[in-house]
There are 2 protein chains.
Amino acid sequence: MQSPYHHPPYHRLTEFVPLSAEEMSVASRWLTDRRRLWRGKAIRHEGEAVNGVFFLLEGWVGSSLLLRDGRRQIAKVHLPGDMLGFPSLALSHAGETLEALTDVTVCSLPNAAIGRIFEELPRLALGLFLSTQRERVALMQKLSWVGATSAIERLSAFLLDLHHRLEAAGLTESGSFDLPITQQQLGELLGLSTVHINRTFKSLDETGFIARCRGRLKIDDFEGLRRLAATSPPEFAGTAAWTRLRGSETFRKGTQ
Amino acid sequence: MQSPYHHPPYHRLTEFVPLSAEEMSVASRWLTDRRRLWRGKAIRHEGEAVNGVFFLLEGWVGSSLLLRDGRRQIAKVHLPGDMLGFPSLALSHAGETLEALTDVTVCSLPNAAIGRIFEELPRLALGLFLSTQRERVALMQKLSWVGATSAIERLSAFLLDLHHRLEAAGLTESGSFDLPITQQQLGELLGLSTVHINRTFKSLDETGFIARCRGRLKIDDFEGLRRLAATSPPEFAGTAAWTRLRGSETFRKGTQ
DNA sequence: CGGGCTATTGAAGTTGATCAATAACGGTGG
DNA sequence: CCACCGTTATTGATCAACTTCAATAGCCCG
């Protein structure tokens with residue numbers, strides 16, 4: 001897990017496609033334009049012109065949508081290694097605010113580079129494509145939590161998912177991890193009020209499923225949480241996706 | 001709107017990229033393998049192996065996720081011209097059930113063809129990519145409805161969105177359109193109970209915002225509905241996205 | 001004319017929101 | 001090191017939206 005091959009920006013790509021040296025070298029160029037931002041700052045506001053996408057190197061970022069009356073929905077918490085801002089590529093003005101939930105380091109990739117990747121590095125393009133499809137799956141799952149489950153089920157599912165993703169990034173220690181977001185933000189993430197998040201947390205705490213201390217959370221009973229959580233994480237295709245996509249199908253350029 | 005250029009499967013691609021004759025001819029090949037399905041039948045069940053994606057030619061399709069206890073969330077209603085099943089490309093087993101909400105005609109495109117498109121028809125690939133990013137935006141918006149708005153706001157937003165999309169497909173008549181889905185399905189779509197959907201409908205009806213008759217719905221007061229719906233539809237980039245993506249950025253193959 | 005599904009309505013029950021107050025925490029400057 | 005401040009967490013009490021249960025009515029179809 002600690003080879004550079006598994007760090008951003010390769011991270012999200014090599015899960016689906018093997019990269020050549022050339023491709024990796026292009027990808028590593030993406031890291032040159034870095035930016036540091038403090039907690040609470042926006043990488044990009046909803047409604048601003050779309051100039052590029054971002055890679056998150058350190059810290060947590062929330063992507064959120066604003067409603068007219070000020071309510072807010074956080075669509076996703078992005079963790080180190082994630083790619084940010086792709087949905088807005090289809091829009092003239094960004095459809096989501098990208099806000100630093102902790103101090104963060106991001107690097108950005110201009111729109112034009114995406115176009116070039118599609119033209120010249122198809123495998124990289126496919127990696128990006130599949131990676132964003134996977135995000136779409138995650139988003140559908142979250143919708144199903146918010147639309148069809150109770151507060152305790154939602155929170156359980158979220159904590160399990162979060163742990164799972166943090167673990168993949170090497171940011172957990174035997175079931176415990178930093179949770180540097182406020183209960184307010186957790187509420188906006190799960191579609192619940194601050195107060196109810198607090199009570200739900202308390203209930204998980206008292207049942208012994210989790211333990212909280214400072215900004216740190218430890219999952220004590222994974223099985224218990226999983227029983228609550230109503231969905232299991234989907235099984236990603238891994239590089240099998242790539243294999244599947246390059247099956248034996250006949251398809252010849254120019255004659256189709 | 002009635003030129004073949006605006007029919008599936010071009011429909012969802014030409015919104016973002018101009019297609020060459022060659023590209024259109026490849027795309028038109030996708031139509032060869034058609035399938036008709038009756039209302040209620042599944043095009044593909046959640047958990048099945050992922051063999052391809054689909055284009056919806058006629059009818060409505062719902063993509064839904066199942067929770068352990070039998071509750072169901074419909075992530076999206078797909079209309080004629082839409083592309084189905086892309087999220088599951090990242091999975092080894094489908095993450096969503098694709099169910100015919102009416103009698104439908106679909107055609108399918110095997111996984112392998114997607115891989116070839118990325119290798120050989122980059123502009124087509126980019127069109128697919130952007131189109132799925134736009135779906136992701138729509139999904140985020142829906143999440144914000146379900147997570148942060150009341151029943152009447154949700155239903156209003158949904159009806160407006162639906163009308164908007166049906167209009168683009170030429171399936172409306174001065175504000176009225178067929179609504180061939182049950183209130184049960186509408187509930188699963190918006191995260192509300194059947195009973196509450198019914199009451200919310202009734203309230204919109206009595207206020208004079210809409211009128212219902214058989215399976216048909218007419219929007220009588222767009223402004224009123226828009227005031228209720230807490231979000232406005234995002235502005236898509238259109239082919240500007242493509243232009244933006246091919247900007248003046250320096251990026252030379254092989255030297256990066 | 002039935003039979004099955006869908007829509008509608010009423011009544012009662014729950015979950016979660018809102019309002020409001022207090023406590024704990026984290027960082028600051030003295 | 002301590003007093004202070006703003007932010008966040010916690011708790012109680014009340015309220016509202018939505019769900020559930022249950023029954024009836026309407027529609028579509030053979």
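So you know, we letter chains A, B, ... as the sequences are listed, proteins then strands, and number each from 1.
Under the 4.0 Å criterion applied to side-chain N and carboxylate O atoms, D178(A) and R216(A) are assigned as salt-bridge partners.
You'll find that the side chain of H196(B) is closest to dC18(D), out of dC18(D), dA9(D), dA22(D). When each of dA17(C), dA22(D), dT6(C) is scored by its nearest atom to the side-chain atoms of S193(A), the top-ranked nucleotide is dA17(C). Here the nucleotide nearest the side chain of R199(B), chosen from dT18(C), dA11(C), dC18(D), is dA11(C). For N198(B), counting side-chain heavy atoms from C-beta on, the closest listed nucleotide (dT6(C), dT11(D), dT9(C)) is dT9(C). With dT11(D), dT10(D), dT9(C) as the choices, the nucleotide that has an atom nearest any side-chain atom of R212(A) turns out to be dT10(D).
Rounded to whole Å, atom C1' of dA16(D) lies 15 Å from atom CD1 of I152(B). Summarising the geometry, the separation between NZ on K202(B) and P on dA25(D) is reported as 15 Å, rounded to the nearest angstrom. Spacing between atom CG of L101(A) and atom P of dT7(D) amounts to 18 Å, rounded to whole angstrom units. Distance R39(A) CZ to dG26(C) P: 11 Å, rounded to the nearest Å. When the P atom of dT11(D) is taken as reference, atom CD of E206(A) falls 8 Å away, rounded to whole Å. In this entry the distance linking CZ of R214(B) with P of dC27(D) reads 7 Å, nearest Å. With rounding to whole Å, L186(A) atom CG is found 9 Å from dA9(D) atom P. With rounding to whole Å, Q183(A) atom CD is found 12 Å from dA24(C) atom C1'.
A distance of 6.0 Å or more separates the ring centres of F158(B) and W145(B).
Heavy atoms of S150(B) sit under 4.0 angstrom from primed sugar atoms or phosphate atoms, though from no base atom. As judged by a 4.0 angstrom heavy-atom cut-off over every strand, G191(A) is placed among residues touching the sugar-phosphate backbone only.
F236(B) carries R134(B) over the face of its six-membered ring, with the cationic atom under 6.0 Å from the centre and within 45° of the normal.
Between H163(A) and F177(A), the angle of the ring planes lies from 30° to 60°, which puts this pair in the tilted group.
Of the residues near DNA chain C, T182(B) and G215(A), the one whose nearest nucleotide (by heavy atom distance) lies more toward the 5' end is T182(B).
Residues W38(B) and V104(B) are not in side-chain contact: their nearest non-hydrogen atoms beyond the backbone lie 4.5 Å or more apart.
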